[in-house]
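The next block holds one structure in the form of structure tokens; read it before the comments.
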Amino acid sequence: MTVDQIRLSIFLGVLGAMLVLESLIPRHATVDSKPRRLAINFSLTGINVLLIRGLLGGAAVGTAHFAGQHGWGLLNYLQWPAAVEMAAGIIFLDLMIYLQHVVVHMIPFFWRFHRVHHSDLDLDVSTGFRFHPVEILGSMIYKMGVIAAIGPSVLTVVVFEAVLSSMALFTHSNIKLPLGLDRALRWLFVTPDMHRVHHSVEVDETNSNYGFNLSLWDRFLGTYNADARKPQPEIVIGLSQYRAPEQVSLVKLVMMPLHRTGQAPPAP
Ligand SMILES: [Zn+2]
Ligand SMILES: [Zn+2]
């Protein structure tokens, strides 16, 4: 099995598991048609996969390989034991994408693209991959820069990407975890209830819980929000200016960054 096949198997396995759980133990009622949203979100995913493959094929792993061969990056310089290096690399990469997420909320130009992710009227496993192609491209270039600077091993990057994509599916899924389990997981990890607050239509709630994998960054850096003002099943999801399904069709999502009107750039 190649690395790509392992990756695809993990993705499809987690995706399937979340889709089943969403139908068995949903957390939040839906306002938009699920088949319609799945079609839009997976179309965007398809465009993004083709774009990354076409323009930056094997980008993150390739950068790690290149950095390793040329001795680039802090971790290649330090020569720590492999397990320690992997743990440090994964934790640091997670911090860097947390910071990237804060920045795309704070800077209006980046927010134009990131609001495509937030414009989904419902939250489910498919939202985890709903990003504007330009944001995906920008994220990959940023990640390549970070990898070149810290020099994690190829294996670290492969594991990080698999964890990140699995966690994106999990944290966006519309599943109801037992409250005790949610609270226990939250000490270390982002949970679906925690990330749902980030997708609330309320601007101050949108500007909280930026984490992707570890909940520590939100806790340490003051952006943690234990719960929305409304109870979880009643949180209004999306953005205040895009409330109708017609406003968030596939074509309109691709064109969305061109719209000047919209939610004022969120306060830092
Ligand atoms: Zn966001
Ligand atoms: Zn999200």
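One-based numbering, in listed order, for ligands and for the atoms of each. Just so we're clear, the structure is a prediction, and the values are computed from it rather than from any experiment.
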Discussion item. Do Leu75 and Trp80 make a side-chain contact, defined as non-hydrogen atoms from C-beta onward lying under 4.5 Å apart?
Written reply: yes

Practice prompt. For His28, check ring pair (Phe, Tyr, Trp, His ring centres under 6.0 Å) against everything at least two apart and list the hits.
Written response: none

Fill in: Contacts of Phe66 that satisfy ring pair (Phe, Tyr, Trp, His ring centres under 6.0 Å) - sequence neighbours left out
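Only His70, Trp72 meet the ring pair (Phe, Tyr, Trp, His ring centres under 6.0 Å) criterion with Phe66.
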
Practice prompt. Go through the structure and list residues passing side chain to side chain contact (heavy atoms under 4.5 Å, CB included) with Ser200, not counting sequence neighbours.
Written response: Glu202, Glu205, Ile235

Worksheet item: Is the distance between the ring centroids of Phe11 and Phe129 less than 6.0 Å?
Response: yes

Worksheet entry | Ring-ring centroid check Tyr224 Phe220, cutoff 6.0 Å | no

Practice prompt. Provide the atom name of the closest N, O or S atom of His195 relative to the Zn ion (ligand 2).
Written response: NE2

Worksheet item: What's within reach of the Zn ion (ligand 1), meaning protein N/O/S atoms under 2.8 Å?
Response: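 Listed by chain and number: His101 NE2, His105 NE2, His114 NE2, His118 NE2, His198 NE2.
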
